[in-house]
Amino acid sequence: MSGQPVAMITGAASGIGAATAVCLAERGVRVGIGTFAGDPHDPETTLRDVRDAGGEGRIVEVDVRSTESVDVFAETLVSEWQRLDVAVANAGILRESGFDTITDDQWHDLLDVDLHGVMRTARAGLRHMREGGSVTAISSIAGGVYGWQNHAHYATAKAGVIGLVRSLAVEYGPKGIRANAIIPGLIRTPQSSDAVNSLGPEGLDRAGGYIPWGRVGHSREVAEVIAFLSSPQASYVSGQAIVVDGALTTAMRD
Ligand SMILES: NC(=O)c1ccc[n+]([C@@H]2O[C@H](COP(=O)([O-])OP(=O)(O)OC[C@H]3O[C@@H](n4cnc5c(N)ncnc54)[C@H](O)[C@@H]3O)[C@@H](O)[C@H]2O)c1
């Protein structure tokens, strides 16, 4: 096997996934830009940014609710570049629902993306990692650190991915494959902007005032940590869940 490492990133047309594609490209990683048919964001923007960073990318449509779709994503990259080294299970959705009114379908639909989609991405990637590798899953402070009212399904999924990466770290450590989770706080992306809509157009800025760092995070600030975890520089970091939140979860409320 030769050449630059290759990464698969789900949900890479926007937000943290798009920033991760660029960060990895800057480090010489060829990136598979997983894009979802229902996403209004144009993956060509991510591809252009990857190329502007001097990198190489390939857009592949993928729905993490489908095992076949995720497997084809990984196989497409391997057939193009003959290797796969990094899987970033980033795709996720956020829905609000009180717990005693949630339907089985609503519960299942969220976990199908946010937990089972992560499992499918990790599994598809791991099968092709021949010379070590790295899996990074995106959790959340909701579930990863805190509970969250009216979001029990989301928090359950995000807690679940931490259990998953810990188990993968143990199972695949002997093969030189690391697995970690990122726990973002409040990051300015399409998902978080939708979530705080009820606070008004300046909602994210106001929410940032409650964070010790004085603002919400940028996708790039999460992507840098994902890129580090995906790199050989993180060679002894595995089974961890790393919080990237501007000290939000560290702060004691008066
Ligand atoms: N933004 C935040 O404050 C925050 C905080 C904690 C965790 N997260 C997590 O970060 C990850 C990235 O989210 P983001 O904030 O960048 O928002 P985002 O909406 O920009 O990204 C989510 C991506 O997932 C994709 N997606 C949705 N359903 C899919 C499916 N079935 N198959 C494939 N792709 C699908 C979307 O197309 C989108 O590109 C998510 O897992 C999210 O839960 C975000």
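Here the structure is a predicted model, which means the values were calculated and not measured. Counting convention: from 1, in listed order, for ligands and their atoms alike.
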Subset of ligand 1 atoms that lie under 4.0 Å from at least one heavy atom of [X]:
X    : value
Y154 : 6 (C), 7 (C), 8 (N), 42 (C), 43 (O)
I93  : 27 (C), 28 (N)
V62  : 32 (N), 33 (C)
D39  : 36 (C), 37 (O), 38 (C), 39 (O)
G15  : 16 (O), 20 (O)
G11  : 23 (C), 24 (O), 25 (C), 39 (O)
L186 : 3 (O)
N90  : 11 (C), 12 (C), 40 (C), 41 (O)

Consider every N or O of [X] and every N or O of ligand 1, then say whether any pair is closer than 3.5 Å.
X    : answer
S140 : no
I187 : yes
A13  : no
I16  : yes
D63  : yes

task = Give me the ring orientation class for H151 and Y154: parallel if the planes are under 30° apart, tilted from 30 to 60°, perpendicular past 60°.
result = perpendicular
query = Does a donor on one side chain and an acceptor on the other come within less than 3.5 Å for T189 and Q191?
reply = no
inquiry  = With no hydrogens and no angle check, just 3.5 Å: does a side-chain donor-acceptor pair link W81 and E56?
reply    = yes
List the closest protein heavy-atom neighbour of [atom]: residue, atom name, distance to the nearest 0.1 Å.
atom                    : result
atom 9 (C) of ligand 1  : I138 CG2, 3.6 Å
atom 20 (O) of ligand 1 : S14 OG, 2.7 Å
atom 4 (C) of ligand 1  : G185 O, 4.0 Å

remark   = d(I226 CD1, I16 CD1) to nearest 0.5 Å is 6.5 Å
query = At the 4.0 Å heavy-atom cut-off, does G34 count as touching ligand 1?
reply = no
inquiry  = If the contact criterion is a heavy-atom separation under 4.0 Å, does H41 count as touching ligand 1?
reply    = no
message = Could you check whether atom CZ of F99 has more than 12 heavy atoms from other residues, nucleotides or ligands sitting under 6.0 Å from it?
response = no
query = Side-chain contact, heavy-atom cut-off 4.5 Å: T103 with Q106?
reply = yes
key: Non-hydrogen side-chain atoms of L204 and S193 separated by less than 4.5 Å   = yes
[atom]: which of [options] has the nearest heavy atom?
atom                    : options              : value
atom 35 (C) of ligand 1 : P40, G17, G143, A91  : A91
atom 22 (C) of ligand 1 : A89, S139, S219, G92 : G92
atom 17 (O) of ligand 1 : R65, R188, Q191      : Q191

task = Sort and list the pairs that fulfil salt bridge (charged side-chain N to carboxylate O under 4.0 Å, His left out) and have at least one residue in residues 214-232, not counting sequence neighbours.
result = E26-R220, R27-E224, R215-E221, R220-E224
Residue pairs, two or more places apart or on separate chains, that pass side chain to side chain donor-acceptor pair (under 3.5 Å) and touch residues 39-51 = D39-H41
